[in-house]
Amino acid sequence: MLALASGATFLLGRGPTAEAADEASPVPPELPRLAQGPEYERCLGLLRTDPEEALSNAEAWEANGGGDGARHCAALALLGMGEAPRAAERLEGLARTARAGSGARAAVFAQAVQAWMLAGEAGRAFAAATMGLTLAPSDVDLLLDRAVALGTLGRYAEALEDVDRVIALAPGRAEAWVFRAAAQRRLDRVDQAASDVDRALTLAPANAEALLERGIIRQLKGDVAGAREDWEKAVSLAPDSATADLALQNLALNEAGPQRR
């Protein structure tokens, strides 16, 4: 099946795939603050409605001494405009040099990780996540981001180490159990993968990624009908997503029969 070769969406990274990196990227709902004041808030507010205007404002503000706040807004504006590689470079550089506290800098490293993943640069994403974790070693989002980067690089055993730390710190994070199941599966530990995905679905019964993964595991175990049911439900829960795309492709291949797989 296609998803058996490519891995679940968590192994491809969160958010759009690399092929979509030239499209406008969504701005995270909560942004770390590297500065204070109305100019900064106004620039950040523009990101969701007009990233090009946000970039123009940020550049003008930086020319007049806007500092870290202006540089942060400019980098996020580039991300919103679909220029992920440029945004990633700027975010990573800013996270290294900003005068903000370690928590805010770690959060900017996390933004750089996401930008590098959008740019299709999993190796750079791994490096940025590692730098962020030197500032915030127990940050579960950074740990999961690094696990995603490692999974994308095919380093599943190392990815599993990071996701195990996530689960130890936040056992209620369903997406961590989904990722753990996918990593276990890629390491040919199908029974452990089945147990992990069941845990994910106990925590979040409507999690489309978990249903996609359970369908893959059921297919491996010979439960074709169960796999079909999970993939159909994943599509219905998240119809306009990368998860749905993989589920639909698996369904099509399943209908084609063994000779087409």
Participant: What are the two closest heavy atoms between A125 and V113, and how far apart are they?
Facilitator: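 Residues A125 and V113, closest heavy atoms: O-CG2, 3.6 Å.
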Participant: Quick one: does D196's side chain get under 4.5 Å of V178's, heavy atoms only?
Facilitator: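 D196 does not reach V178 side chain to side chain.
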Participant: Under 4.0 Å between a Lys/Arg side-chain N and an Asp/Glu carboxylate O for R146 and D139?
Facilitator: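 The answer is no: the pair does not qualify as a salt bridge.
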Participant: Could you tell me whether R173 and D141 make a salt bridge, using a distance below 4.0 angstrom between a side-chain N and a carboxylate O?
Facilitator: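 Yes.
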Participant: Quick one: do R71 and D68 make a salt bridge, cutoff under 4.0 Å?
Facilitator: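 Yes, this pair counts.
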Participant: State, yes or no, whether a side-chain contact exists between F126 and W116 at a heavy-atom distance under 4.5 Å.
Facilitator: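 Side-chain contact under 4.5 Å: no.
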Participant: One pair to check against side-chain contact (heavy atoms from CB on, under 4.5 Å): Y156 and Q184. What are the steps and the verdict?
Facilitator: CA-CA 8 Å; Y156 303 112; Q184 296 273 31; over 6 Å; no
Participant: Using a strict cut-off of less than 4.0 Å between a Lys/Arg side-chain nitrogen and an Asp/Glu carboxylate oxygen, indicate whether E89 and R86 qualify as a salt bridge.
Facilitator: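 Result for this pair is no, no salt bridge flagged.
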Participant: Could you check C73 against N57 for side-chain contact (heavy atoms from CB on, under 4.5 Å), going step by step and ending with a plain yes or no?
Facilitator: CA-CA 9 Å; C73 187; N57 283 6; over 6 Å; no
Participant: Hey, are R228 and E255 close enough for a salt bridge, meaning a charged N less than 4.0 Å from a carboxylate O?
Facilitator: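 Salt bridge: yes.
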Participant: Taking the side chain as every heavy atom from C-beta outward, state whether L55 and E53 have any atom pair closer than 4.5 Å.
Facilitator: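 No. Closest side-chain heavy atoms not under 4.5 Å.
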Participant: Decide whether L160 and L142 are clustered together by the hydrophobic rule: side chain heavy atoms of Ile, Leu, Val, Met, Phe, Trp, Tyr closer than 4.5 Å, transitively.
Facilitator: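 Yes, same cluster.
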Participant: With a 4.5 Å limit on heavy-atom distance, are the side chains of R165 and E161 in contact?
Facilitator: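 A side-chain contact is absent here, since even the closest heavy-atom pair is not under 4.5 Å.
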Participant: Identify whether the distance between the nearest side-chain nitrogen and carboxylate oxygen of R155 and E158 falls below 4.0 Å.
Facilitator: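 Salt bridge: yes.
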Participant: Check step by step if side-chain contact (heavy atoms from CB on, under 4.5 Å) holds for F179 and E213.
Facilitator: CA-CA 9 Å; F179 185 91; E213 182 61 31; over 6 Å; no
Participant: Is it true that E229 and K233 have a side-chain N and a carboxylate O under 4.0 angstrom from each other?
Facilitator: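 Salt bridge: no.
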Participant: Got E175 and E209 here, is their nearest side-chain heavy-atom distance under 4.5 Å?
Facilitator: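 They are not in side-chain contact.
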Participant: Going by heavy atoms in the side chains, are W231 and L211 under 4.5 Å from each other?
Facilitator: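 They are not in contact (no side-chain heavy atoms under 4.5 Å apart), so the answer is no.
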Participant: Can you tell if the side chain of Q111 reaches within under 4.5 Å of the side chain of H72, non-hydrogen atoms only?
Facilitator: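 Side-chain contact under 4.5 Å: yes.
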Participant: Please name the pair of heavy atoms, one in L79 and one in A115, separated by the smallest distance, quoted to 0.1 Å.
Facilitator: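 So the two residues come closest at CD1-CB, 4.0 Å.
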Participant: What are the two closest non-hydrogen atoms of A136 and A106, and how far apart are they?
Facilitator: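 That would be CB-CB, 3.8 Å.
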Participant: Can you spot which of N250, N207, L237, D230 makes a side-chain contact (heavy atoms from CB on, under 4.5 Å) with L212?
Facilitator: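 Only match with L212 under side-chain contact (heavy atoms from CB on, under 4.5 Å): N250.
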Participant: If you define the side chain from C-beta out and look only at heavy atoms, does anything of L143 sit under 4.5 Å from L169?
Facilitator: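 Yes; the side chains approach each other to less than 4.5 Å.
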